[in-house]
Amino acid sequence: MSLAHHLGLFLGLCLVLLARLQMARGLANCPTGCECDDDTLMVNCGEGTLDVLPIALNPAIQRLVIKNNKLKTIDSSMQFYAQLTFLDLSFNDMVSIPERSFAYHAKLQELHLDHNKIGQVSNRTFQGLSTISVLNLRGNLIAELEYRTFSPMGKLAELNLGQNRISHIDPHALDGLVNLRVLYLDDNTLTTVPDELTFQALPSLAELYLGTNSFMTIPSGAFQDLKGLTLLDLRGAGLHNISEDALKGLEALRSMDLSDNRLVTIPTAAFQKLGRLEELNIGQNDFEMISSGAFAGLRELRHLELTGAQRLRRVESGAFTGNSNLEHLNLSSNKQLSELPATALGGLPHLSTVVLKANQLSTLDEGLVPWADLQTLDLSENPFVCDCRLLWLRHLLLSRNSSGQYAPVMCAYPSALRDLPLAQLAEPLLGCAHGAASKQAIIGILVVVCAALITTLALLLYTCRRRIRELLKGHSALGRKEREYQKTFSDEEYMARPPPGCGGVHPAAGGYPYMAGHGGSGRPIPVTEL
Ligand SMILES: *[C@@H]1O[C@H](CO)[C@@H](O)[C@H](O)[C@H]1NC(C)=O
Ligand SMILES: *[C@@H]1O[C@H](CO)[C@@H](O)[C@H](O)[C@H]1NC(C)=O
Ligand SMILES: *[C@@H]1O[C@H](CO)[C@@H](O)[C@H](O)[C@H]1NC(C)=O
Ligand SMILES: *[C@@H]1O[C@H](CO)[C@@H](O)[C@H](O)[C@H]1NC(C)=O
């Protein structure tokens, strides 16, 4: 054989070996734009234009991520990757998932199919996913959840069906999800809260997201089988009304979001059922006032957000009666809220954060909350009238200047002080000098008058001490004979001839009205009236 021939064979062998090596490392079949790591068994394809699943990836891969590409469907090549535990095909163009696409994926734990254009899933779509714990279908076009669609996934803990077009849910659609803890059904087109039967199938459910739907109302006992539910999100659910029994059975609920609905009153009666609720958001609703005891029953409430309620004008006295554990109160951006009486926030010894930002408050009562105990206070963006009534607030803000957790308070009125920070105003600018001076004058006059009265009285008592003693004796001794006793001292006699020892002070001069008249108009004063 010629040397050339030998060389040729050798080169050929080398190429084959190289190919084998590359194959083993997965390099040969790693599509451009992807990273394929055969040590960690991960394939990660960045944003690109892949429109079919790569065929010849390492069959042992455990993690496959093809996000932000142009995949149209899941084809049969998926069956080669049966070792996958994590599959992310989100942000592609998939319109459907063929039946039994995951029939060989008994190890798959997370499947992310969110943000595609999937219009339908059925009870054959997810067959084989016996160990899956997270399924994300958010941001697709699913309109209906059919009979037992998710039944093959007994280990599923989190199911995200948010941001679809779901308008109908078969009452048995979620059957078999005995381990489901978190369910997102928010941002769909549901017009009624899912049937009780739907929830009966979910004994482990802890978090339920139902916001951004159009429910109008919640049927009585709708959630009564969700005994372990700790979080219920009904934000933007179109609720006009929450009847007394709507929240029945939610014994473990800790956190609820009712913001951005159309509630015209705080559903006080329904709240009676939520003895363990700690966190409530009920902002952006239509009520005009928070009446006394509105949240009574929420004994464990710690954190309350009531912001952006465009019609709220008034918080009544005792509004938070019964919520003595409240720590965080956010009452901001209620553009019409101007009435906050001194006792509105009474009985809240644990308050540490108070946000009253961007309301319509013109003044604040010093007794509203124990201001100095607060860790965070925001009173900014209110049309405060900076006058003597806010002098205490100026002192408070100054005393907390260094800590920096108090937002600055700006004046809106009087116009001379507009946009000036209250804390930096000199005290006389708040108009307290005049007020204080006149107050002092009044107090001074009162003191002088009282002193004069007391002195006169004391003098009179002293000079008339004997007479008074006699009178006292007479009264206690005579009792019933009082009239006779009084007769013996006629008015004339009394006025004309002062009793012994009383001559020094003319009674009339002392200013005693009952002695002012002469003759028959005066009368002796029984000691009991003195
Ligand atoms: C799938 O749903 C159909 C009705 O839509 C039903 O007849 C069939 O029994 C279901 N299959 C399973 C495995 O639940
Ligand atoms: C509020 O709920 C009650 C009882 O469910 C119902 O009778 C009433 O019509 C509802 N009101 C509105 C405005 O939806
Ligand atoms: C109070 O609520 C507003 C509006 O929702 C929010 O932006 C702000 O962060 C909240 N402040 C605190 C201290 O929670
Ligand atoms: C408050 O603090 C600011 C800076 O944090 C400072 O400029 C200002 O002088 C302080 N005011 C008083 C009264 O201490």
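If you're wondering where the values come from, they're calculated on a predicted model, not measured in any experiment. Remember, it's 1-based here, ligands and their atoms both numbered in the order they're listed.
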Quiz item: Checking side-chain contact (heavy atoms from CB on, under 4.5 Å) against L280, which of D257, L298, I266, L274 comes through?
Solution: L298
Self-check item: ligand 3 contact on K357 by region, counting heavy-atom pairs under 4.0 Å
Solution: neither
Practice problem: For atom 4 (C) of ligand 1, grab the closest protein heavy atom and report residue, atom and distance to one decimal in Å. | Solution: Y147 CD2, 4.2 Å
Quiz item: Are E327 and R302 close enough for a salt bridge, meaning some N to O gap below 4.0 Å?
Solution: yes
Quiz item: Any idea which atoms of ligand 1 are less than 4.0 Å away from a heavy-atom of R148?
Solution: 14 (O)
Quiz item: Do Y413 and F384 make the cut of ring centroids closer than 6.0 angstrom?
Solution: no
Self-check item: Qualifying residues under ring pair (Phe, Tyr, Trp, His ring centres under 6.0 Å), relative to F215, sequence neighbours excluded
Solution: none
Exercise. Work out whether the distance between some heavy atom of S332 and some atom of ligand 3 is less than 4.0 Å.
Key: yes
Quiz item: Where the closest heavy atom to atom 6 (C) of ligand 3 is concerned, which of T307, N281, N330 has it?
Solution: N330
Quiz item: Does a side chain donor of either Q336 or Q310 reach within less than 3.5 Å of an acceptor in the other side chain?
Solution: no
Quiz item: If you measure every N/O of N123 against every N/O of ligand 1, is any gap under 3.5 Å?
Solution: yes
Quiz item: Which pairs count as disulfide bond (SG atoms under 2.5 Å apart) when at least one residue sits in residues 40-123, sequence neighbours excluded?
Solution: C34-C45
Quiz item: Is there at least one protein heavy-atom neighbour under 4.0 Å from atom 11 (N) of ligand 1?
Solution: yes
Quiz item: In terms of atom number and element, which parts of ligand 3 are under 4.0 angstrom from non-hydrogen atoms of E305?
Solution: 1 (C), 2 (O), 14 (O)
Exercise. Evaluate the side-chain proximity of F223 to L232: yes if any heavy-atom separation is below 4.5 Å, no if none is.
Key: yes
Practice problem: Write out the residue and atom name of the closest protein heavy atom to atom 13 (C) of ligand 3, then the distance separating them to 0.1 Å. | Solution: V355 CG2, 3.7 Å
